Structures are given as C-alpha cells and as structure tokens.
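Just so it is clear, the structure is predicted and the values come from calculations on it, not from any experiment.
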Amino acid sequence: MTENEDLVRVQGLTRRFGGLTAVDSLDFEVRAGEILSLIGPNGAGKTTVFNIISGIYPPTSGQILFKGENIAGLKPDRVQRKGISRTFQTLRLFANMSVLENVLVGYHSRLHSNLFGDIVKPPWVVKAEKEAVERSREVLGRLSPRLLSRQEFRASDLAYADRRLLELARALVSDPALLLLDEPTAGMNPTEAAEFMDHIRHIHADGFTILLIEHNLNVVMGVSHRIVVLDYGTKIAEGTPDEVRSNERVIEAYLGRKAASA
C-alpha cells in the first residue's frame, strides 16, 4: 500500500448502548503513512471508536474497511492477525511477568499455535520461539535501550513511563499495519510526555501508520498530520493541526465559548 492511500475507511459507524448513542454515523479515513489523531472532550466517543476498530465492541451499524476488507464485527484476535495492534488508556501489562515476556505476548498473539507444537516442541517450534525472542529484543532495543537492559525485570518494577513504553513495544512487535494508541501519555509529567512524543515520531519514521487518541493537545499538535474532532459521538471538525486549532466549533466543544469571547 502506497503512502497517502486509504489504509482504513470508516463509514457510517454507529454504536448504541441501550438508549445512549456513543458513536453516531461517523466517517473518516486513515491514510497509509500518516499520524491521525482522534480528539474530543470526555465522553465524545473516542475510545468507543477504538474498541470497535479493535473488535472489542461490534458496531450497531456501519463499516470499517481495512485494506479494502470490512472488518467490522471481527473478534479482537482476528483483527490483530489482520494487522492492527493497540495500546490501552489504562495499562494492561502482565505485572508479574518480565519485560521480555510481556513483549513476547504481543508477538505470539499474531501466530496460530496448536496443542501438539506447544507440548512436544518440534524443531520448527523451537526455531519460531527463538525468532520470537530475537524479534522482541530487537523491538525493545530500538524503542528503548533502557528497557532492553531491563528485559528480565518484572513489569511491575518499572517506572510508570517505562511501563507505558513496554506496552508500546508489545503492540509494535507484531509489526502492525495500523497502530492504535489510546491516551499513551496519560499520567505523565511534561518531560515524560515530551519524551514519549519523540518515540511516536521515531516509530512513524520507521514506517508505522498511527491512529492516536490523546488529551494532551501539545502532543496532538506536535505529532499529527491530520486531526478528527468528536463531540457527543459525531464528527465536528477535521483537518490539519492549524485548521483544527482555529475552528470555532472545536473551541466551543473544549472551552464552552466562542473564539471571539476569548
């Protein structure tokens, strides 16, 4: 797929929870090779969109075309094997497993295993496990030499910012075509957030397409090529960071007032 070609096309995406419409007839696309940010006030429906794309929720209606194939309603494991990986707003690491083991989980989640191979360990399984370890160490080292040096540490023993990086490494190890980052700098201080923003730039430079949810607007404006803004489950704006920054509907949604009254 060439750069700027649509990797994902979301069409008429709607999700209702009883009488609540969390996402309402949403349309947007993610172009190959870009960083697209999805922003909006609390309750705007951003994480619901991620959960639908990644297969946690089925949509009430609408399509998600990924490389031209409608993946709406597929289970999370099938979505990941198609080439979509994600992080979560709340860290979901295996606290008592090592750094390396946590990354290996991300690698193996893309593979099809069978009981015979898992128990008997024929040569092809041994070779695959060796390749998994090598790939996991490669990703750790490229993302953070500090994490690589701590590969035997338990995840729970890492500093908070390093745990965020570890979750990112786990998502990257399967070499996804699309990487979903859900509030990756949540809970970070400004220095940590700025460092993580550099990581986002570096992985984008390595060829990853990124769909980002982020409340830290300094991060959003600093890394995004385009931005889609949601409010109450509907799209109210879309454009470059400069276009979105000056959009009166966006200012109203965030600040509750007209730009002219600022």
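The main-chain N or O of Glu101 is found under 3.5 Å from a side-chain atom of Ser98 such that the two form a donor-acceptor pair. A side-chain donor-acceptor contact under 3.5 Å links Glu192 to the backbone of Asn189. No donor-acceptor pair under 3.5 Å is formed between the side chain of Lys67 and the backbone N or O of Gly83. Judged by distance alone, the side chain of Thr21 and the main-chain N or O of Arg16 form no donor-acceptor pair under 3.5 Å. Of the possible polar contacts, one joining the Asn70 side chain to the Ile64 backbone as a donor-acceptor pair under 3.5 Å is found. The closest donor-acceptor contact from the side chain of Thr14 to the backbone of Ser25 lies under 3.5 Å. Side-chain atoms of Ser224 never come within 3.5 Å of backbone atoms of Met221 as a donor-acceptor pair (strictly under, hydrogens ignored). The backbone N or O of Met188 lies less than 3.5 Å from no partner atom in the side chain of Tyr160, so there is not a single donor-acceptor pair. Distance alone, capped at 3.5 Å, places no donor-acceptor pair between the Thr240 side chain and the Arg226 backbone. Looking only at distances, a side-chain donor or acceptor of Ser156 sits under 3.5 Å from a matching main-chain atom of Ala95.
A donor atom on one side chain and an acceptor atom on the other are found under 3.5 Å apart for Thr185 and Glu214. With hydrogens and angles left out, the side-chain atoms of Ser85 and Ser174 include a donor and acceptor closer than 3.5 Å. At a cut-off of 3.5 Å, with distance as the only test, a side-chain donor of Ser54 or Arg86 sits close to an acceptor on the other residue.
When the shell of 6.0 Å around CZ of Arg201 is examined, it contains more than 12 heavy atoms from other residues, nucleotides or ligands. Counting non-hydrogen atoms of other residues, nucleotides and ligands closer than 6.0 Å to CZ of Phe28 gives a total above 12.
Interatomic distance, Leu179 CG to Leu211 CG, rounded to the nearest 0.5 Å: 9.0 Å. For the atom pair CZ (Phe50) and CG (Asp182), the distance works out to 5.5 Å, reported to the nearest 0.5 Å. Note that CG of Asp157 and CZ of Arg150 are 10.5 Å apart. Values are rounded to the nearest 0.5 Å. One finds the CD1 atom of Ile236 at 12.0 Å from the CD atom of Glu248 (value rounded to the nearest 0.5 Å). Considering NE2 of His215 and OH of Tyr254, their distance stands at 7.0 Å, rounded to 0.5 Å.
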| request: For side-chain contact (heavy atoms from CB on, under 4.5 Å), just list the numbers for Asp162 and Arg146, CA-CA rounded to whole Å, side-chain angles, deciding distance to a tenth of an Å, and then say yes or no. | output: CA-CA 9 Å; Asp162 281 343; Arg146 181 175 66 246; 2.5 Å; yes

| Taking it one step at a time, do Leu168 and Leu143 satisfy side-chain contact (heavy atoms from CB on, under 4.5 Å)? | CA-CA 9 Å; Leu168 178 57; Leu143 184 63; 3.9 Å; yes

| request: Would you sort out whether His204 and His225 count as a ring pair (Phe, Tyr, Trp, His ring centres under 6.0 Å), showing the intermediate values? | output: CA-CA 11 Å; His204 171 258; His225 298 103; 4.9 Å; yes

| said: Glu252 vs Arg249, test: salt bridge (charged side-chain N to carboxylate O under 4.0 Å, His left out). Steps then yes/no. | reply: CA-CA 5 Å; Glu252 282 186 273; Arg249 290 193 68 189; over 6 Å; no

| query | Would Asn51 and Thr47 satisfy side-chain contact (heavy atoms from CB on, under 4.5 Å), going step by step from the backbone distance to the final call? | reply | CA-CA 6 Å; Asn51 287 340; Thr47 295; 3.7 Å; yes

| message | Could you walk me through whether Asp27 and Lys235 satisfy the salt bridge (charged side-chain N to carboxylate O under 4.0 Å, His left out) test, starting with their C-alpha distance in whole Å, then the side-chain angles of each, then the deciding distance to 0.1 Å, before giving a yes or no? | response | CA-CA 8 Å; Asp27 297 319; Lys235 183 171 71 174; over 6 Å; no

| query | Are Glu152 and Val99 close enough, and set up right, to give a side-chain contact (heavy atoms from CB on, under 4.5 Å), and what steps lead you there? | reply | CA-CA 6 Å; Glu152 300 304 326; Val99 167; over 6 Å; no

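Counting all heavy atoms, side chain and backbone alike, Phe17 lies closest to Ala22 at CE1-CB, 3.7 Å. Here the shortest heavy-atom pairing between Leu147 and Leu166 reads CD1-N, 3.8 Å. Considering every non-hydrogen atom in both Leu93 and Arg163, the closest pair reads CD1-O, 3.5 Å. Across all their heavy atoms, Phe94 and Asn102 have their closest contact at N-OD1, 2.9 Å. The two residues Leu172 and Pro176 come nearest to each other via the heavy atoms O-CD, 3.6 Å. Scanning both residues, Gln151 and Arg137, for their nearest heavy atoms gives OE1-NE, 2.8 Å.
Cluster annotation: Ile52 and Tyr232 are assigned to distinct hydrophobic clusters (Ile/Leu/Val/Met/Phe/Trp/Tyr, side-chain heavy-atom contacts under 4.5 Å, transitive). Connection of Tyr57 to Phe88 is established within a shared hydrophobic cluster, with ILVMFWY side chains joined at heavy-atom distances below 4.5 Å, either directly or through further cluster members. Both Ile56 and Ile53 belong to a common hydrophobic cluster when Ile, Leu, Val, Met, Phe, Trp and Tyr are linked at side-chain heavy-atom distances under 4.5 angstrom. Cluster annotation: Leu165 is connected to Leu91 through the hydrophobic network of ILVMFWY side chains, with a link wherever side-chain heavy atoms come within less than 4.5 Å.
By the 4.5 Å heavy-atom criterion applied to side chains, Glu238 and Ile227 are not counted as neighbours. Proximity of Leu230 to Leu26: side-chain heavy atoms (C-beta onward) are separated by under 4.5 Å at one or more points. Taking 4.5 Å as the limit, every side-chain heavy atom of Asn247 sits out of range of all side-chain heavy atoms of Val229. Contact annotation: the side chain of Ile84 approaches that of Ile71 to within less than 4.5 Å [non-hydrogen atoms, C-beta and beyond]. Side-chain contact between Glu29 and Leu7 is absent, with no heavy-atom pair separated by less than 4.5 Å. Two residues are said to be in side-chain contact when any heavy atoms from C-beta on lie closer than 4.5 Å; Leu36 and Leu212 fail this criterion. Residues Val133 and Leu104 have side chains in contact (heavy-atom distance under 4.5 Å, counting atoms from C-beta outward). Side-chain contact between Ile39 and Ile213 is absent, with no heavy-atom pair separated by less than 4.5 Å.
Taking the centre and axis of the six-membered ring of Phe196, the NZ or CZ atom of Arg164 falls outside the cone set by 45° and 6.0 Å.
With salt bridges taken as basic N to acidic carboxylate O contacts below 4.0 Å, one links Lys82 and Glu69. Ion pairing between Arg170 and Glu167 holds under the 4.0 Å rule for side-chain N and carboxylate O.
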